[in-house]
Amino acid sequence: MEAIKKLKPPKTPPKEVEAITKNVEVKKNEFWGWCVLASFLALLVISCGVYTLVKLFPNFLPHNKPAPNRPGPIARNYADALGIAFQFFDVQRSGKLLNNRIPWRGDSALRDGSDRNLDLSKGLYDAGDNVKFGFPMAFTATLLSWAILEYGERMAAAEQLGHAQDSLKWITDFLINAHPSPNELYVQVGDPDLDHECWERPEGMSERRPAAQVNASFPGSDVAAEVAAAMASASLVFKKIDPDYSFTLRTNAEELFAFADLYRGAYSVSIPQVKKFYNSTGYGDELLWAASWLYYATRDPSYLKYLTVINGDVFGNWGDPSWFSWDDKHAGTQVLLARMNFLGEKDGISLDENAKLQMYTRMAQATMCTLLPGSPSASSSRTAGGLIWVSEWNALQYSLAATFLAVLYSDYMATSQVQTLFCDGTTFSSKDLRHFAITQADYVLGKNPMEMSYLVGYGMDYPRYIHHRGSSIPVDSRTNCKEGFKWYDSPEPNPNIPTGAVVGGPFMNETYIDNRTNHRQAEPTTYNSAFIVGLLSGLLTTASVPQSFG
């Protein structure tokens with residue numbers, strides 16, 4: 001025991017213990033002070049990094065928790081306008097009419113496609129003529145599908161969802177029949193040159209109506225891809241209510257996309273006759289558009305890879321924003337793919353694919369910045385009254401297309417709780433985009449210098465001399481192809497009202513000449529109606545959009 005005691009350290013004097021203790025406390029305080037400073041600096045560096053990433057990529061942070069779906073009250077004016085707008089799809093129907101809502105319309109074109117042993121009697125007449133152009137018809141279907149997928153519940157609240165689904169199916173029934181084999185697609189019914197030499201009701205047509213096709217020898221990547229987009233998007237609409245029909249649409253869409261990609265070429269080269277009416281300026285945008293819809297419809301990662309790492313740089317048009325239209329799908333694709341960033345549908349996506357998705361999102365953001373009047377990059381392509389205005393031919397197509405994308409983007413922001421849209425140093429909110437959309441919609445519905453609604457049938461004052469064959473000729477008229485021009489030249493307003501038609505719209509100086517011969521301003525189109533249907537559905541009420549189309 002004595003040996004052990006010798007190993008114990010000697011006792012330290014009390015004064016030295018006190019000094020040592022104080023020194024330890026000082027060192028301890030200095031240590032924790034440096035820790036706090038280091039933590040602060042680390043947090044500052046991380047915050048700056050995140051801010052930079054968010055600045056460059058607004059959707060860098062995961063916004064995959066949608067806001068609560070608390071819809072506000074239905075806007076009665078937009079609900080009324082929506083019910084009117086849907087009627088134009090009934091006005092434009094071809095074939096054997098079922099549950100016909102338009103008293104002055106009847107069966108027509110029942111033998112369309114018979115020269116090819118096909119039933120192409122359904123579908124829609126394109127505009128004021130009696131030709132069925134497959135390219136804009138398919139685009140109309142894609143737009144209708146997109147509107148239903150995003151705003152179906154709002155349509156249902158306004159008692160219009162059934163009409164939307166019926167109108168869509170009338171088109172997709174035609175498109176299915178127009179695709180009799182994998183590398184064959186009928187894209188037009190009727191001779192447009194012959195049709196434009198006539199002025200007659202579709203119920204009284206007697207001229208030949210040939211069906212034109214694209215195939216492996218005479219390709220049409222643009223139109224085939226657009227039909228694929230229409231079928232893929234529609235397959236999502238019918239997925240729960242008619243699974244077999246949905247499967248048929250999806251299968252056709254995949255076949256048509258493969259055909260469009262393998263046999264590349266513009267359909268207006270294969271069918272020169274169409275150049276005067278719907279000339280395509282390229283097919284790369286349609287291939288990306290179709291691949292986007294097919295990815296949503298199938299979740300096959302090959303479509304995502306196709307539109308990002310394989311063809312994003314090739315067809316993505318990463319330059320200046322473009323105007324969404326039947327001929328240019330870039331802006332639509334950008335907003336559609338931005339949806340993935342906003343709502344978090346990116347499981348299993350590679351870093352390279354995500355980088356390209358960010359490029360699409362940045363382009364979508366740039367498009368939104370061109371629309372907002374207070375943005376440093378705001379487009380000057382607008383009237384003094386604030387309407388987006390790009391072309392004197394069917395000016396409202398571009399106004400409504402841009403505004404439809406704006407209300408979608410606004411809802412994506414609100415649903416994902418993204419607070420800010422950055423535009424060259426100026427910030428905006430989802431409410432700013434929605435306000436812009438409201439100004440455009442209200443302009444079209446009558447809040448404009450003409451104090452006239454460009455939606456036929458809405459309000460007290462709207463166009464009466466519409467460039468539209470069927471509505472301009474009395475039902476009991478028995479005029480033939482040439483004789484019908486007396487109604488074209490008539491000083492009287494159209495005897496039948498094409499309810500729901502959206503005419504071409506005003507000139508840049510905000511004037512409108514209500515004259516049937518003024519086809520630049522007075523001719524309606526089905527895709528104009530599809531745009532306004534989507535826009536009005538988005539403005540019906542405030543609510544979150546679905547997180548997934550599935």
Residue list, ring pair (Phe, Tyr, Trp, His ring centres under 6.0 Å) with F257, at least two apart or on another chain: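 So F257 forms a ring pair (Phe, Tyr, Trp, His ring centres under 6.0 Å) with Y303, Y306.
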I want to check a possible cation-pi pair here: R434 against F436, using under 6.0 Å from ring centre and within 45° of the ring axis as the test.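 Checked: cation-pi criterion not met.
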Ring of Y245, cation from K169 - is the NZ or CZ under 6.0 Å from the centre and inside 45° of the axis?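 Yes; both conditions hold, so K169 lies above the ring face of Y245.
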Single hit among I497, V456, N496 for side chain to side chain contact (heavy atoms under 4.5 Å, CB included) with S471: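 Only match with S471 under side chain to side chain contact (heavy atoms under 4.5 Å, CB included): N496.
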Of the non-hydrogen atoms in V444 and I532, which two are nearest, and what is the gap between them?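 Taking every non-hydrogen atom into account, CG1-CD1, 4.0 Å.
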Look at the side chain of [X] and the backbone N and O of [Y], then say whether any donor-acceptor pair between them is shorter than 3.5 Å.
X	Y	value
S325	D328	yes
E523	G128	yes
S121	L110	no
S477	I473	no
N177	D119	yes
D126	M137	no

Is K482 paired with E200 through a side-chain N to carboxylate O contact shorter than 4.0 Å?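 Looking at E200 and K482, the cut-off is not met.
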Who pairs with D261 by salt bridge (Lys or Arg N to Asp or Glu O under 4.0 Å), at least two apart in sequence or on another chain?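 Partners of D261 by the salt bridge (Lys or Arg N to Asp or Glu O under 4.0 Å) criterion, ordered by chain and then number, come out as R264.
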Does the plane of the ring in [X] sit parallel, tilted or perpendicular to the ring in [Y]? Use 30° and 60° as the thresholds.
X	Y	result
F485	W199	tilted
W326	Y527	tilted
F404	W146	perpendicular

Give me each pair satisfying disulfide bond (SG atoms under 2.5 Å apart) with a member in residues 177-238, each pair once, sequence neighbours excluded.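 Counting only pairs at least two positions apart or across chains, the disulfide bond (SG atoms under 2.5 Å apart) contacts touching residues 177-238 are C198-C481.
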Say whether Y267 and Q188, considering side chains only, have a donor N or O and an acceptor N or O under 3.5 Å apart.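 Not at all, the side chains of Y267 and Q188 share no donor-acceptor pair under 3.5 Å.
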Whether the H163 and R101 side chains hold a donor-acceptor pair (N or O, under 3.5 Å, no angle test) is what I'd like checked.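 Judged by distance alone, the side chains do pair up.
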Take R76 and Y78 through the test side chain to side chain donor-acceptor pair (under 3.5 Å) and record every step on the way to the result. CA-CA 5 Å; R76 196 70 258 163; Y78 295 141; over 6 Å; no
